[in-house]
Amino acid sequence: MCLNPGEILAGRYRIIALLGQGGFARTYKAQDIQNPGNPPCAIKEIPFPESENPQVLERATRRFQMEVNALQTLSNNSRIPQFFDHFEINRNFYLVLEFIEGTRLSQELAQGQQWTEAQARTFLWEILEILNSIHQANVIHRDIKPDNLMRRTKDRKIVLIDFGAVTEISTFTANSTGEILSQAIGTPGYMPAEQYNPRSVPQPYNDIYAVGIIAIQALTGRSPRNLPQDPDNCEFLWEHLTSDRLSDRLRNILNTMVRFNFQQRYQSATEVLEALKLGKDRSNFRWLLLGFAGLGAALAIVFLIPRVSPLIPRISAQPTVAIPSADGVSSGEKLLVQTSALWSKQRGINEFADSNYPEALKLLKQSWREDRRDPETLIYINNALLKAINAEYYTIAIVVPIRRNQDGSILNANLAEELLRGIAQAQTEVNLGLLAANENNKDFPGQGFIEPKAIRKKGLKVIIADDGNIKSYAVQRANYLVAQPDILAVIGHYTSDMTVETVDIYNQNQLVALSPGSTTEELTRKPRKFFFRTAPTTSIEAEGLVNQLLSVNTKKVAVFYNPDSPFSYSLWEQFTKQFEAKGGQTFRLRNYNNLSKNDFNAEAALEEVEKAGIKAIAVFPDGQVTNSVENAIEMIKANGDRNWIVGPWTLYELRTLEVAKQLKSVEKLGVSVFWHPLISFDKKFPQNAEKLWGGPVNTRSALTYDAARTLIKALEMQPEPSREGMQKTLADPNFKAEGATGIIEFDPKTGNRKNPPKRLAHIVPCSREQFGVTFVPIEFPTAAAAGLKCD
């Protein structure tokens, strides 16, 4: 239920505006019209759980009342919004609280300025005093982040708002055994690893971690998601990012607050306050406590016991710390692509996590029927099937980048989903071979049109890992995957930046990494025995772009790229070498050549190009590691059809078409494409993809499909597949696999693909397409020539 301005709620509260909306609740500003002066208040709306199980609603109602009791207890604290009222209307719970006039701490941090040590100490002291108060009342906040810290206008004090536990109510559901379950509550980047487990018992050290992260964010000017981490232990490496040298005292305190292992963190806010006051780190403080004899020592031990919130029932013992990076890895027990998760999908994931695979399979298939474009769901369906029917199977993994905002929310999952569609389709082909063609299996995705291809009567399990296109995450994921003995090979990483960072991890641990997207020549200069790729190298891609410009009699070209990206730099290097070898000239504009700059100005760059008398442009953005793709698309938009523009396959995407729709013409644009439905080597692949996904797929899906088919072929060729056997099979000069992009075979010395695909595409009008334009291979001058029906 969404309340509109002017509505009267509960006959008393006039809605003024929507203040905010999270995943499970809305907050409104309102006026209390029954109170003299109509004072403002804040109203939080929490929907009832969607479950039809009456026990779920009963549990939710009890929890809501417990939260009310807790907020009433905390109302005497001037640094927490005062509690006024609560009620239930139209299947929603409502809390009425004091309206805090002020600014969120996120607005201060967004200015990009780095705090001094004195500012950080003041902040820590202020927020830890609030935490000490609520923890002593046995309440754990669970969602401390800059958006939930208000700088109150009247006194400039920090006020802690939006307690996370109350929003958990909406996530309640029940599994087939009647157990009441919920989702993890918190915000990625600010919540510690143990908090991702919804079964973990909230503890003070969860909140302490969040406060430490915010202080480090303020000192470094970096979002938590962009802080480097030690790949071996996941500890943050941040001290070198501050503008001023910090005291060892504060650095040690902050590092202890944010330890990956919760057992190594401060266990109470009081303990951190004592460390700040005494100038001691945690170990020295505990030594001091243990120095007291008799009763003093006993009191110290009692003092350090973590408090357990009575608001959260104890479900299980506190989990032990898992191998780093498991939070970004899932075979079905976690939701990674969180853009538009259906309730049936989340319930299916909960059942999967509880090892109730038949119920998980049922719910995930229901989610698939509601959203057939979601590849994560299809992979989880396949994995649940294998467990539900107790099938034998082989396991591979895929690493994809889910791009996120600084606050941890998903910015763009399109790239990850495109990659996942390819492997999901190949996995479905294998696992359909395990099913009997009968009524019970009629609703399994792909049934009836995809040819079953089991691997000698065995199935295929796929594990998904998210590297976020962030190097520290990529390293964590690689270290986690190589430590899993059942994983026989990995498809990934996608971008050259992440592959260069991780390739030696896979090689040293003798695990095949087959990349569907890394094209940099850097990986060829130092070959690794366990690295292969289905995508062409940058020298092959550059050749197609050079030939296109020469075919339109262009001899001078201005080049824009990201010099810090292994892919972008390698493509620039190969393009320049080949273009100049054929009599052309390349130019770099001193102030505008770096596409990854935040202040890149496309219009100004084009003016410089035209002043230099250059009539062609080459834009080489990276693989969405920075904003260079967005800047390259801005170049296409600003250019129109003034100059010829060529670019790599990173521009072969919907955003380019969306810009093209706004232009009168885009005849002078050529983009690399390694696969297109019109030139597919495997004619059934695009047809099956259209039926399976309810729409077409693109090059990235085709390349991951081919990578999966390659690994499947290697598994089929081994009597007893092993990691070493996978490498030997792929490196065999006689190895061949067939895929959407053609025959796949490798140079055993480099791992590069032999005879890789090499094509260009351009954009043509087609009224039936989403944006009224579409990509077709450049040899087709029009949509009609390509055989497309556009009228």
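Side-chain atoms of Y380 and K334 form no donor-acceptor pair, as typed in the model, at a separation below 3.5 Å. Counting only N and O atoms by type, the side chains of N594 and S596 include a donor and acceptor under 3.5 Å apart. There is no side-chain donor-acceptor pair under 3.5 Å between N562 and S565. At a cut-off of 3.5 Å, with distance as the only test, a side-chain donor of K582 or N547 sits close to an acceptor on the other residue. In this model, a donor atom of one side chain and an acceptor atom of the other lie less than 3.5 Å apart for E521 and T537. Defined by atom type and a distance below 3.5 Å, a donor-acceptor pair is present between the side-chain atoms of N383 and Q427. Looking only at atom types and distance, the side chain of T741 has a donor-acceptor partner in the side chain of R753 under 3.5 Å away. Side-chain contact of T499 with S518: a donor-acceptor pair under 3.5 Å is present, judged by distance alone. Using a 3.5 Å distance cut-off with no hydrogens or angles, the side chains of Q574 and S539 do not pair a donor with an acceptor. Using a 3.5 Å distance cut-off with no hydrogens or angles, the side chains of S496 and E522 do not pair a donor with an acceptor. Between the side chains of Q476 and Q229, a donor-acceptor pair is found at a separation under 3.5 Å.
A 4.5 Å side-chain heavy-atom check between I398 and V490 finds every atom pair outside the cut-off. Side-chain contact between P756 and F674: absent, with no pair of heavy atoms (C-beta onward) separated by less than 4.5 Å. Two residues are said to be in side-chain contact when any heavy atoms from C-beta on lie closer than 4.5 Å; I464 and V329 fail this criterion. In this structure, the side chains of F567 and S570 stay at 4.5 Å or more apart for every pair of heavy atoms. Considering only heavy atoms from C-beta on, N414 stays 4.5 Å or farther from L654 through its side chain. V430 places a side-chain heavy atom less than 4.5 Å from the side chain of I712.
Among residue pairs with one or both ends in residues 482-491, none qualify as salt bridge (charged side-chain N to carboxylate O under 4.0 Å, His left out); sequence neighbours excluded. Within the structure, every pair that satisfies the ring pair (Phe, Tyr, Trp, His ring centres under 6.0 Å) test and touches residues 698-747, not counting sequence neighbours, is listed here: F532-F746, F685-Y705. Residue pairs meeting the salt bridge (charged side-chain N to carboxylate O under 4.0 Å, His left out) criterion with at least one member in residues 739-748, sequence neighbours excluded, are K736-E745. Residue pairs meeting the ring pair (Phe, Tyr, Trp, His ring centres under 6.0 Å) criterion with at least one partner in residues 446-469, sequence neighbours excluded, do not occur; the list is empty. Sorted by first and then second residue, the pairs that involve residues 700-717 and meet salt bridge (charged side-chain N to carboxylate O under 4.0 Å, His left out), not counting sequence neighbours, are E418-R700, E429-R709.
Ion pair R528/D504 flagged as a salt bridge, since at least one NZ, NE, NH1 or NH2 atom sits closer than 4.0 Å to an Asp/Glu carboxylate oxygen. Of the charged side-chain nitrogens involved, at least one lies within less than 4.0 Å of a carboxylate oxygen, so that E376 and K345 count as a salt-bridged pair. The residues E573 and K577 are annotated as not salt-bridged, no charged nitrogen and carboxylate oxygen being separated by less than 4.0 angstrom. Using a 4.0 Å cut-off between charged side-chain N and carboxylate O, R373 and E417 make no salt bridge. A salt bridge links D443 to K365: at least one charged side-chain nitrogen sits closer than 4.0 Å to a carboxylate oxygen.
Separation of atoms CG (L523) and CG (N752) is listed at 8.5 Å; rounding is to 0.5 Å. Here CD1 of I379 is found 4.5 Å from CG of L420. Values are rounded to the nearest 0.5 Å. Note that CD of Q727 and CD of Q510 are 8.5 Å apart. Values are rounded to the nearest 0.5 Å. Distance check: T774 OG1 to L657 CG gives 6.0 Å after rounding to the nearest 0.5 Å. Between the CG atom of L678 and the CG atom of L788 there is a distance of 5.5 Å, given to the nearest 0.5 Å. Interatomic distance, E541 CD to T520 OG1, rounded to the nearest 0.5 Å: 11.0 Å.
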Which is it for E779 and R759 under the salt bridge (Lys or Arg N to Asp or Glu O under 4.0 Å) test, yes or no, and what are the steps along the way? CA-CA 9 Å; E779 58 263 35; R759 306 292 278 269; 2.3 Å; yes

Run V512 and L730 through side chain to side chain contact (heavy atoms under 4.5 Å, CB included) and show every step you take. CA-CA 9 Å; V512 163; L730 295 177; 3.8 Å; yes

Mind running side chain to side chain donor-acceptor pair (under 3.5 Å) on K362 and Y357 for me, showing each step along the way? CA-CA 9 Å; K362 175 185 172 183; Y357 301 114; over 6 Å; no

Go through T650 and D622 one step at a time and tell me if the side chain to side chain donor-acceptor pair (under 3.5 Å) criterion holds. CA-CA 7 Å; T650 47; D622 54 50; over 6 Å; no

Please test Y506 against H493 for ring-ring contact (aromatic ring centres under 6.0 Å, His included), starting from the C-alpha separation and ending with a verdict. CA-CA 11 Å; Y506 295 110; H493 296 230; 5.8 Å; yes

Test side chain to side chain contact (heavy atoms under 4.5 Å, CB included) applied to I491 and L711, step by step: CA-CA 9 Å; I491 295 176; L711 295 181; 3.6 Å; yes

Given side chain to side chain contact (heavy atoms under 4.5 Å, CB included), test I763 with L669 step by step and report yes or no. CA-CA 7 Å; I763 296 174; L669 176 66; 3.7 Å; yes

Show your reasoning for whether side chain to side chain donor-acceptor pair (under 3.5 Å) applies to S331 and E333. CA-CA 6 Å; S331 61; E333 66 281 356; 3.0 Å; yes

Test F444 against L385 for side chain to side chain contact (heavy atoms under 4.5 Å, CB included), laying out the working first. CA-CA 10 Å; F444 196 87; L385 169 72; 3.6 Å; yes

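Partner F620 forms a ring-ring contact (aromatic ring centres under 6.0 Å, His included) with one of F575, Y561, Y569 and no other, that one being F575.
Counting non-hydrogen atoms of other residues, nucleotides and ligands closer than 6.0 Å to CD of E690 gives a total above 12. Heavy atoms from other residues, nucleotides or ligands lying under 6.0 Å from CD of E738 number 12 at most. Environment of NZ in K749: sparse, with no more than 12 heavy atoms of neighbouring residues, nucleotides or ligands closer than 6.0 Å. Annotation for K754: atom NZ counts as buried by contact number, over 12 foreign heavy atoms lying within 6.0 Å. In this structure, E580 places its CD atom where more than 12 heavy-atom neighbours from other residues, nucleotides or ligands lie under 6.0 Å away.
The cationic atom of R533 (NZ for Lys, CZ for Arg) does not lie both less than 6.0 Å from the six-membered ring centre of F531 and within 45° of the ring axis.
The two residues R655 and V629 have their closest heavy-atom pair at NH2-CG1, 3.5 Å.
Partners of Y494 under the ring pair (Phe, Tyr, Trp, His ring centres under 6.0 Å) rule, at least two apart in sequence or in another chain, are W649.
No donor-acceptor distance shorter than 3.5 angstrom exists from the side chain of D354 to the backbone of N356, with no hydrogens or angles considered.
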